[in-house]
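Okay, structure first, notes after.
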2 protein chains.
Amino acid sequence: MGCLAVHTRLADFENRCREKGLKITHQRLEIYRELLAATDHPSVEAVFQRVRKRIPTISIDTVYRTLALLEQSGMIHRIQTAEGPARYESDHGLHHHLICNRCHEVVDFNWESFDALAPPPAIKDWGLIQGKNIVITGICQQCCEQQLK
Amino acid sequence: MGCLAVHTRLADFENRCREKGLKITHQRLEIYRELLAATDHPSVEAVFQRVRKRIPTISIDTVYRTLALLEQSGMIHRIQTAEGPARYESDHGLHHHLICNRCHEVVDFNWESFDALAPPPAIKDWGLIQGKNIVITGICQQCCEQQLK
DNA sequence: ATGTATGCAAACGGTTTGCACGGTC
DNA sequence: GACCGTGCAAACCGTTTGCATACAT
């Protein structure tokens, strides 16, 4: 998943755009590339700052529009963060998130025994399921230590 | 949990406020009472509109401040909603949430086999865990039907 | 040539804040 | 009486939108 070469994933990206009739622009490619490279679940602002190094004239509106578009197309994911600005990640396999309430760092983790669990009967007749996330919140180790000082 | 009489829960509330040195005001009592009565995970605005019927002079700032305060004190919970305004619920036992991406309705559900699961080893050394939520998102039955029309 | 995507700037909605007054303890 | 909590108004931040231009197809 996350181990495919970047150029392969960019080629996939272009194909999926064509399938959906989305134009392949300079800006979209760089935004997607930046998200592929990122491991820190960046905010819109963070993606903007990074892409700006390659495309100094890009506007943050375009980053907002592009990230929303790619999320609607299922090519990237928006993280379930309750507070603060929206954060995104590329689609890199099944995993869940740990979120620090103090520094807002987001860390991936795996939980195979959960993934294997059958969905509870209660949700069967609710409707169409699109996302199933576990979000664990708390204070990360680093922030815990800083607090003691 | 949710089955205790309202006056008992309000008495508990007053006690917990005293323990924490929080003043027991008219506004705080009514905001908490409204959240106890609610089953729809109301937004700040919704709580404001309801409490306003009893206290017409209340301001929405107070509702914001009170809900944030009660959440920090662990007396109520803020729901993990990624998009849109913050939503709250009273502390009424272990459960999880279904969220409709179209109408934004939030529904509680239980998942005992998940609750019984041992936490994955990966999170052991992360830090202090405060919340462990499952958020299932999608389109509720009602919205699915409306879409077909 | 067509129509979508972009950049700019202005508007927007939810939320937070500074301040003086009012209420609780 | 001391001090926290409140209401008011203004500021704030992330995000969205209308518009004219630029670009991909």
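Lettering of chains follows the sequences in order, A, B, ..., and the numbering in each one begins at 1.
Shown for residues 64-71 of chain A: residues whose heavy atoms fall under 4.0 angstrom of DNA chain D, namely A/Y64, A/R65.
At a cut-off of 3.5 Å, with distance as the only test, a side-chain donor of A/H77 or A/D91 sits close to an acceptor on the other residue.
Look at B/T62 and you'll find a side-chain N or O under 4.0 angstrom from OP1 or OP2 of D/dG7.
Chain B approaches DNA chain C over the interval C/dG14 to C/dC25, counting the first and last nucleotide 5' to 3' with an atom under 4.0 Å from its heavy atoms.
Under the salt bridge (Lys or Arg N to Asp or Glu O under 4.0 Å) criterion, no residue pair touches residues 64-84 of chain A, with sequence neighbours excluded.
Applying the ring-ring contact (aromatic ring centres under 6.0 Å, His included) criterion to A/W111, with sequence neighbours excluded, gives B/F114.
Counting any heavy atom pair closer than 4.0 Å across all strands shown, B/Q27 reaches sugar-phosphate atoms only and no base atom. Note on A/S43: nothing from the nucleic acid sits closer than 4.0 angstrom, heavy atoms only.
Classification of the B/H41-B/H97 ring pair by plane angle, with boundaries at 30° and 60°, yields perpendicular.
B/L70 and B/Y64 fall within the same hydrophobic cluster, defined by Ile, Leu, Val, Met, Phe, Trp and Tyr side-chain heavy atoms under 4.5 Å apart, directly or through other members. Under the 4.5 Å side-chain heavy-atom criterion for Ile, Leu, Val, Met, Phe, Trp and Tyr, B/I129 and A/I99 are members of distinct hydrophobic clusters. Hydrophobic clustering keeps B/L98 apart from B/V135 (ILVMFWY residues linked when any side-chain heavy atoms are closer than 4.5 Å, directly or through intermediates). At a threshold of 4.5 Å between side-chain heavy atoms, the hydrophobic network of Ile, Leu, Val, Met, Phe, Trp and Tyr places A/I79 and A/Y88 in two separate groups.
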Using nucleotides 20-25 of chain D, report all nitrogen or oxygen pairs with the protein that are shorter than 3.5 Å.
{"from": "D/dT25", "atom 1": "OP1", "to": "A/I24", "atom 2": "N", "distance (Å)": "3.4"}

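Relative to the axis of its first five pairs, the axis of the last five pairs of the helix from C/dA1-D/dT25 to C/dC25-D/dG1 sits at 40°, rounded to 10 degrees.
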List the steps and the verdict of side-chain contact (heavy atoms from CB on, under 4.5 Å) for A/L22 and A/R28. CA-CA 10 Å; A/L22 302 175; A/R28 287 179 178 172; 3.9 Å; yes
So A/Q146 and A/Q142, side chain to side chain donor-acceptor pair (under 3.5 Å) or not? Walk me through it. CA-CA 6 Å; A/Q146 282 177 11; A/Q142 277 201 338; 5.2 Å; no
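Protein atom CG of B/L29 is 15 Å distant from nucleotide atom C1' of D/dT6, rounded to whole Å. Taking atom CD1 on B/I60 and atom C1' on D/dA10, their separation rounds to 16 Å, with Å as the unit.
Of the inter-residue distances, the one linking A/Q49 atom CD with A/I58 atom CD1 reads 11.0 Å to the nearest 0.5 angstrom. Remark: A/N110 CG to B/I123 CD1 distance equals 12.5 Å, nearest 0.5 Å.
A donor-acceptor pair under 3.5 Å is formed between the side chain of A/H95 and the backbone N or O of A/G93.
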